[in-house]
Amino acid sequence: MKSAIIASLIASAAAFAPAQTGKATTSLAAFENELGAQPPLGFFDPLGLLDGADQERFDRLRYVELKHGRICQLAFLGNIITRAGIHLPGNISFDGTKFSDIGNGWAGSFEVPKDGALQILFFVGFLELFVMKDVTGLGEFPGDFRNGALDFGWNTFSEETKLKKRAIELNNGRAAMMGILGLMVHEQLGGELPIVGQM
């Protein structure tokens, strides 16, 4: 009887032991050596956006990452510059509202007159639809918008230098996405930040 009780205790304890599982294989290995899988994180896809993805899906996500990174670099720099007190000269509208009358950060975007906001919206839409895309189909990589017109010496660089510069842009865009998010959060929290000043 004692051996039956001991055997049942051992069997019930085994139910709580972690199950042995085999290592899952995914198609992520195909993207682990892509540009952007850099130290210290390496390949980083915590949301699983690339689970079962093909190269076309990866290129689309890389294009979106580059675009958002470029926008955030402009947003972060614009935020810092206006907080430093540097504004465009003149009026933003015919009613006499000056650029310097508009506040800083996210709150300032709601102070832009309606006509000015519409102009900004239409300008961004024009850029999105007609300018900021690979019109000619000659782009070397996702996000290459030179379209055979703008070069700035890109074709004189070696392949290694091109990869290095693309990696720098990607990392700067990632940092800017975190930076503008941090500025927007701190603006809502209030207080003061070094360099940025009063929020």
Side-chain angles (χ1 to χ4, degrees), residues 34-36 47 49-50 53-157 161-188 196:
E34 289 284 343
L35 181 70
L47 299 178
L49 297 175
L50 292 173
D54 58 0
Q55 187 66 40
E56 183 179 345
R57 170 83 172 147
F58 178 84
D59 288 345
R60 171 69 181 148
L61 291 174
R62 176 52 47 88
Y63 165 77
V64 171
E65 181 183 16
L66 278 168
K67 182 166 74 169
H68 288 149
R70 290 169 180 169
I71 291 167
C72 289
Q73 289 177 63
L74 291 171
F76 185 84
L77 187 60
N79 201 313
I80 297 296
I81 287 174
T82 56
R83 288 186 186 282
I86 302 170
H87 299 275
L88 293 171
N91 297 336
I92 192 170
S93 66
F94 292 120
D95 67 1
T97 304
K98 297 180 181 176
F99 284 103
S100 58
D101 296 337
I102 305 296
N104 298 319
W106 186 248
S109 64
F110 297 109
E111 297 174 11
V112 175
K114 180 182 172 186
D115 292 340
L118 287 173
Q119 287 177 15
I120 293 170
L121 181 68
F122 286 128
F123 180 66
V124 169
F126 172 78
L127 290 176
E128 183 72 21
L129 293 173
F130 301 108
V131 179
M132 300 310 243
K133 62 182 187 175
D134 185 10
V135 178
T136 62
L138 300 174
E140 290 181 32
F141 51 88
D144 181 6
F145 300 143
R146 291 177 293 151
N147 293 317
L150 301 173
D151 187 59
F152 300 116
W154 180 258
N155 290 331
T156 63
F157 297 137
T161 304
K162 287 180 180 181
L163 278 175
K164 182 179 178 185
K165 289 188 176 290
R166 288 177 54 207
I168 290 169
E169 180 190 17
L170 195 56
N171 279 337
N172 286 345
R174 290 170 176 173
M177 285 186 259
M178 295 297 105
I180 194 63
L181 178 64
L183 285 175
M184 290 166 58
V185 168
H186 281 285
E187 182 179 348
Q188 296 304 310
V196 177

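We count residues from 1, following the sequence as given. In this text the structure is predicted, and so the values were computed from the model without any measurement.
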Side-chain donor-acceptor pair present, D59, Q55, cut-off under 3.5 Å:
yes
Practice problem: Kindly say whether F94 contributes a backbone atom to a donor-acceptor pair with the side chain of N91 at under 3.5 angstrom? | Solution: no
Point to revise | Trace of the side-chain contact (heavy atoms from CB on, under 4.5 Å) decision for N155 with E140 | key: CA-CA 11 Å; N155 290 331; E140 290 181 32; 3.8 Å; yes
**Message:** Determine whether I80 and L183 satisfy the following criterion, side-chain contact (heavy atoms from CB on, under 4.5 Å), listing intermediate values before the conclusion.
**Reply:** CA-CA 9 Å; I80 297 296; L183 285 175; 4.2 Å; yes
Give, for atom [atom1] of [X] and atom [atom2] of [Y], the distance between the pair rounded to the nearest 0.5 Å.
{"X": "N104", "Y": "E187", "atom1": "CG", "atom2": "CD", "result": "8.0 Å"}
{"X": "K162", "Y": "R166", "atom1": "NZ", "atom2": "CZ", "result": "9.5 Å"}
{"X": "W154", "Y": "R146", "atom1": "CH2", "atom2": "CZ", "result": "7.0 Å"}
{"X": "L163", "Y": "L35", "atom1": "CG", "atom2": "CG", "result": "6.0 Å"}
{"X": "L88", "Y": "I81", "atom1": "CG", "atom2": "CD1", "result": "10.0 Å"}
{"X": "L50", "Y": "L61", "atom1": "CG", "atom2": "CG", "result": "5.5 Å"}

Any chance CD of E56 has more than 12 other-residue heavy atoms, nucleotides or ligands included, within less than 6.0 Å? no
Provide the closest heavy-atom pair for [X] versus [Y] in the form atom of the first, atom of the second, distance.
{"X": "M177", "Y": "C72", "value": "CG-SG, 3.6 Å"}
{"X": "G36", "Y": "R174", "value": "O-NH1, 3.0 Å"}
{"X": "H87", "Y": "T82", "value": "NE2-O, 3.7 Å"}
{"X": "T97", "Y": "D95", "value": "OG1-OD1, 2.8 Å"}
{"X": "K133", "Y": "E128", "value": "CD-O, 4.4 Å"}
{"X": "G139", "Y": "D144", "value": "CA-OD2, 3.4 Å"}

Any salt bridge linking R62 with E65? Criterion: basic side-chain nitrogen under 4.0 Å from a carboxylate oxygen.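 Salt bridge between R62 and E65, a charged N being under 4.0 Å from a carboxylate O: yes.
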Pair K164-F157, side-chain contact (heavy atoms from CB on, under 4.5 Å): steps then yes or no
CA-CA 10 Å; K164 182 179 178 185; F157 297 137; over 6 Å; no
ask   = Relative to the ring of W106, is the ring of F110 parallel (under 30°), tilted (30 to 60°) or perpendicular (over 60°)?
value =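 Plane angle over 60°, so perpendicular.
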- May I ask you to decide if the ring planes of F145 and Y63 are parallel, tilted or perpendicular, using 30° and 60° as cut-offs?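 Ring orientation, 0 to 90° scale: perpendicular.
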Q) Would you say D115 and S93 make side-chain contact, with heavy atoms under 4.5 Å? A) no
